[in-house]
Amino acid sequence: MQKVDQVIRLLVVDVIREKWGDPPGEAQVQVQKTRREFIGDFTVVVFPLLRYSKLSPEETGNVLGKYMVENSPMVSDFNVIKGFLNLVVAQSYWKEFLDGDLQSGSFGTIQADRESPLVMIEYSSPNTNKPLHLGHIRNNLLGHSISRILEATGNRVQKVNLVNDRGIHICKSMLAWKKEGNGEDPESTGKKGDHLVGDYYVKFDQMYKSEVQELVDQGKSREEAEAGAPVLGEAREMLRRWEADDPEVRTLWSTMNEWVYEGFETTYRRLGISFDNTYYESDTYKLGRALVLKGLEEGILYKKEDGSVWADLEEEGLDHKLLLRSDGTSVYMTQDVGTAHQRYEESGFNSHIYVVGNEQNYHFQVLAIVLKKLGYQWADKLYHLSYGMVELPEGKMKSREGTVVDADNLMDEMEATARKMSEELGKLGEYGEEEKNRIYRQVGMGALKYFILKVDPKKNMTFDPAESVDFNGNTGPFIQYTYARIKSVIRKGESIEKVTGAGKMNEKEIGLVRMMYEYPDILKEASRTLNPSLVANFLYELAKEFNQFYHDHSILSADSSDQVSLRLLLVEAIGRIIENGMELLGIEVPERM
RNA sequence: GGUUCCGUAGCUCAGUUGGACAGAGCAACAGCCUUCUAAGCUGUGGGUCGCGCGUUCGAAUCGCGCCGGAAUCACCA
């Protein structure tokens with residue numbers, strides 16, 4: 001089916017060529033949605049066209065409008081207000097659209113095939129020394145949703161997780177556990193493994209701090225004390241032994257990491273996210289070294305007297321960047337160079353997205369430049385999805401001050417709130433315990449996910465716990481509730497035949513169809529800009545529009561049987577889009593709530 | 001100081017390539033359930049779009065300069 005707004009665009013070109021000669025440029029033909037307060041569906045801005053018509057805005061609009069009504073069955077009426085030509089699309093067009101495209105279960109989405117672009121997306125990428133918190137939740141939800149949106153817009157997507165399982169941080173937890181753990185494990189304590197390991201990370205910090213204080217009391221400067229605290233030395237020694245493959249350290253390391261992975265797995269499952277591939281830094285941290293040495297040979301990089309290897313980025317307006325330490329070992333950047341290279345060699349991706357917080361903007365800027373310098377053309381295919389920090393109303397989350405919002409606790413609280421709200425409203429009386437729990441989970445998680453995804457990823461956001469448990473207004477539960485209402489109507493109207501019939505559609509009905517007409521463009525834009533919030537806000541608008549319609553007009557008791565079946569057709573389409581769109585956000589929709 | 005990003009109602013956020021009096025939600029107040037789910041709907045109040053200059057028929061949107069905030073600039077990850 002031809003898209004009306006495209007047809008209108010072509011008609012504008014036709015009129016100008018026919019009446020005034022020159023065809024206008026692309027930028028001159030502006031077609032947009034008509035604002036609510038005016039009559040019409042699409043609006044042509046006539047100002048840019050005055051140079052062709054040499055007429056007043058009103059006259060120009062009239063000429064265009066008259067031509068379109070006379071020459072296209074899709075345009076049924078028009079009005080001109082202050083240089084804006086508002087066009088009314090024929091009802092027959094909207095009906096055909098409702099009957100056709102909108103009845104497809106996959107409306108708005110594009111199926112990927114073997115030829116489709118391959119997008120690699122790395123997200124989550126946790127450290128294994130502590131449990132996931134609110135910041136990770138934003139990362140995970142964004143990564144998952146963007147993956148879904150990319151898939152729905154015709155891409156093959158490979159989701160990968162790069163787990164940071166090695167380094168000084170995990171040694172700190174290991175050391176504290178060795179000193180004070182008395183052999184306890186998740187089973188003996190009943191704690192989730194990631195939380196248990198996290199507790200020892202905190203314990204290490206306490207030991208460290210008290211040692212520092214002791215040294216300061218003995219008269220050392222704070223700086224000396226911080227560098228010289230014995231436990232820190234022991235942790236470093238542990239890392240050396242890890243790198244030397246010391247069996248005892250390696251065993252403890254893999255045991256504690258296993259605890260963490262089990263904990264993470266539970267949290268991931270609960271969040272509803274998954275990966276096609278999980279990489280571990282203990283396997284990849286040596287990658288990149290060879291590429292750097294090759295770059296050195298080719299004279300792209302340079303070596304200092306102490307043996308360290310650097311990239312000179314002054315031409316790009318940046319500093320010099322270290323790639324190999326003087327002892328020949330790698331830094332993070334080196335690893336990322338190697339990992340990117342390996343993934344490109346293996347998959348030949350068309351693009352590679354890194355979902356990583358904006359605190360690493362500099363890192364990814366440098367990564368792209370270094371790869372480019374080393375001669376890899378695909379460096380332009382790397383994209384850093386730099387998302388903003390999640391802050392609390394009182395300010396930043398600080399682990400030292402205990403203001404970090406733990407992911408598991410937060411999910412518990414959201415579900416508990418959903419339960420409380422639901423019980424107060426008393427709507428699920430007749431359902432079984434299992435069914436009820438499922439709905440509480442869906443609603444609680446829906447509230448959390450929507451709350452985070454409705455915000456533009458690149459912006460910092462404030463997470464106000466009080467606001468997040470509000471289930472009214474622009475929230476996940478509002479949209480879920482709208483869906484449940486729709487399903488309820490559909491169940492009651494199951495036996496009714498659905499056809500568009502001969503009746504005339506009213507303003508609200510057309511408004512809803514017109515809104516759904518935009519859905520494919522919303523998905524494309526969300527895919528292009530890697531921005532799930534566009535989908536979230538669209539669904540909210542649609543749900544709101546539906547609720548107004550639902551309030552003003554009866555669906556099953558409409559005036560005529562034609563109207564009943566048309567409205568059912570309409571409502572089913574809305575339900576499908578809400579379900580589909582929410583799925584792209586990783587949010588489940590309940591049949592009842 | 002360099003680089004990147006941000007500044008819209010009391011609060012949290014929309015505002016697609018510049019377009020018609022700048023929109024929601026929350027909070028406040030006032031209404032609507034013998035009718036398909038009131039987690040809903042309707043109404044009222046609330047704004048120098050950080051400030052200034054410029055480009056343009058037209059600027060929250062683009063450019064420049066300020067002011068304010070964030071991140072980052074490690075032989076850390």
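Basis for what follows: all heavy atoms, side chains included, without hydrogens, waters or symmetry-related copies. Numbers restart at 1 for each chain; the letters A, B, ... are given by sequence-line order, proteins then strands.
Side-chain atoms of A/Asn358 do not come within 3.5 Å of backbone N or O of A/Asn361 as any donor-acceptor pair. Counting only distance, with no hydrogens or angles, the side chain of A/Ser145 and the backbone of A/Leu584 share a donor-acceptor pair below 3.5 Å. Judged by distance alone, the side chain of A/Thr334 and the main-chain N or O of A/Val331 form a donor-acceptor pair under 3.5 Å. Looking only at distances, no side-chain donor or acceptor of A/Ser124 sits under 3.5 Å from a matching main-chain atom of A/Pro126.
Among the heavy atoms of the strands lying under 4.0 Å from A/His553 is at least one base atom, whether or not backbone atoms are also near. Within the nucleic acid shown, A/Val455 comes within 4.0 Å of sugar-phosphate atoms alone, with no base atom in reach, counting heavy atoms only. As judged by a 4.0 angstrom heavy-atom cut-off over every strand, A/Glu37 is placed among the base-contacting residues. Nucleic acid contact class of A/Glu591 (heavy atoms, under 4.0 Å, all strands): base. Counting non-hydrogen atoms under 4.0 angstrom, A/Tyr540 reaches the backbone sugars and phosphates but no base. A/Gln480 comes within 4.0 angstrom of nothing in the nucleic acid, heavy atoms only. At the heavy-atom level, A/Thr462 lies under 4.0 Å from the strands shown only through sugar-phosphate atoms. In this structure, A/Asp327 reaches neither bases nor backbone, as no heavy-atom distance under 4.0 Å exists between it and the strands shown. As judged by a 4.0 angstrom heavy-atom cut-off over every strand, A/Pro48 is placed among the base-contacting residues. Within the nucleic acid shown, A/Ile522 has no heavy atom closer than 4.0 Å to any nucleic acid atom.
Taking the side chain of A/Asn547 as heavy atoms from C-beta on, and the options B/C21, B/C41, B/U37, the nearest nucleotide is B/C41. Distances were taken from every side-chain heavy atom of A/Lys458 (C-beta onward) to each of B/A20, B/C5, B/G40; the shortest belongs to B/C5. Here the nucleotide nearest the side chain of A/Glu281, chosen from B/A77, B/U37, B/A14, is B/A77. Listed nucleotides: B/G40, B/U3, B/A77. Nearest to the side chain of A/Tyr332: B/A77.
For the pair A/Arg36 and B/A20, the criterion of a side-chain N or O lying under 4.0 Å from OP1 or OP2 is not met. Between A/Lys459 and B/A14 there is a side-chain polar atom (N or O) within less than 4.0 angstrom of OP1 or OP2. Taking 4.0 angstrom as the limit, A/Arg325 places a side-chain polar atom (N or O) nearer than this to OP1 or OP2 of B/C76. OP1 or OP2 of B/C57 has not a single side-chain nitrogen or oxygen of A/Arg51 nearer than 4.0 Å. For A/Gln548 and B/U42, the shortest distance from a side-chain N or O to OP1 or OP2 is below 4.0 Å. Considering only side-chain N and O atoms, A/Lys492 lies under 4.0 angstrom from the phosphate OP1 or OP2 of B/U37. Using a 4.0 Å cut-off, some side-chain N or O of A/Ser488 falls inside it from OP1 or OP2 of B/U37. Phosphate contact (OP1/OP2 of B/C41, side-chain N/O of A/Lys544, threshold under 4.0 Å): absent.
Atom CG of A/Leu323 is separated from atom C1' of B/A74 by 14 Å (rounded to the nearest Å). Note: OH (A/Tyr450) to C1' (B/A14) measures 10 Å, nearest angstrom. Between the C1' atom of B/A20 and the CD atom of A/Glu58 lies a distance of 12 Å, rounded to the nearest Å. One can place NE2 of A/His320 at 16 Å from P of B/U3, the figure rounded to the nearest angstrom. In this entry the distance linking CD1 of A/Ile81 with C1' of B/G58 reads 18 Å, nearest Å. Across the protein-nucleic acid pair, A/Tyr279 atom OH and B/A77 atom P stand 21 Å apart, rounded to whole Å. Note: CG (A/Asn472) to P (B/C26) measures 6 Å, nearest angstrom. In this structure, A/Phe38 atom CZ and B/G19 atom C1' are separated by 11 Å, rounded to whole Å.
Lacking a ring centre under 5.5 Å from that of the base six-membered ring together with a plane angle below 30°, A/Phe47 does not count as stacked on B/G58. Residue ring and base: A/Phe84 does not count as stacked with B/G19 (centre distance below 5.5 Å and interplanar angle below 30° not both satisfied).
Ring geometry, A/Tyr208 versus A/Phe204: the interplanar angle falls under 30°, so the pair is classed parallel (tilted spans 30 to 60°). In this structure, A/Tyr285 and A/Trp242 have tilted ring planes: the angle between them lies in the 30° to 60° band.
Only the P atoms considered, B/A22 is 15 Å distant from B/C51, to the nearest whole Å. Atom name C1', nucleotides B/G7 and B/C66: the rounded distance is 14 Å, in whole Å.
The pairing partner recorded for B/U16 is none, the criterion being a Watson-Crick or G-U wobble arrangement whose two distances lie under 3.5 angstrom. Under the Watson-Crick or G-U wobble criterion, with both distances below 3.5 Å, B/C32 is paired with B/G40. With a cut-off of 3.5 Å on both pairing distances, B/G58 has no Watson-Crick or G-U wobble partner at all.
Along RNA chain B, the nucleotide nearest A/Val443 and the nucleotide nearest A/Met461 are compared for position; the residue whose nucleotide lies closer to the 5' end is A/Met461. Mapping A/Val31 and A/Thr475 onto RNA chain B by nearest heavy atom places A/Val31 closer to the 5' end of the strand.
Scanning atom types as modelled, one donor and one acceptor separated by under 3.5 angstrom connect the side chain of A/Asn86 and the base of B/A20. Taking 3.5 Å as the limit, the base of B/A20 and the side chain of A/Thr43 contain a donor-acceptor pair of atoms between them.
Geometric assessment of A/Lys3 against the ring of A/Tyr517 yields a positive cation-pi assignment under the 6.0 Å and 45° thresholds.
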Query - Stepwise side-chain contact (heavy atoms from CB on, under 4.5 Å) check, A/Leu585 with A/Lys449 - result: CA-CA 8 Å; A/Leu585 298 177; A/Lys449 290 179 175 182; over 6 Å; no

Query raised in the report: So A/Ile353 and A/Leu150, side-chain contact (heavy atoms from CB on, under 4.5 Å) or not? Walk me through it.
Result: CA-CA 11 Å; A/Ile353 298 163; A/Leu150 288 167; 3.7 Å; yes

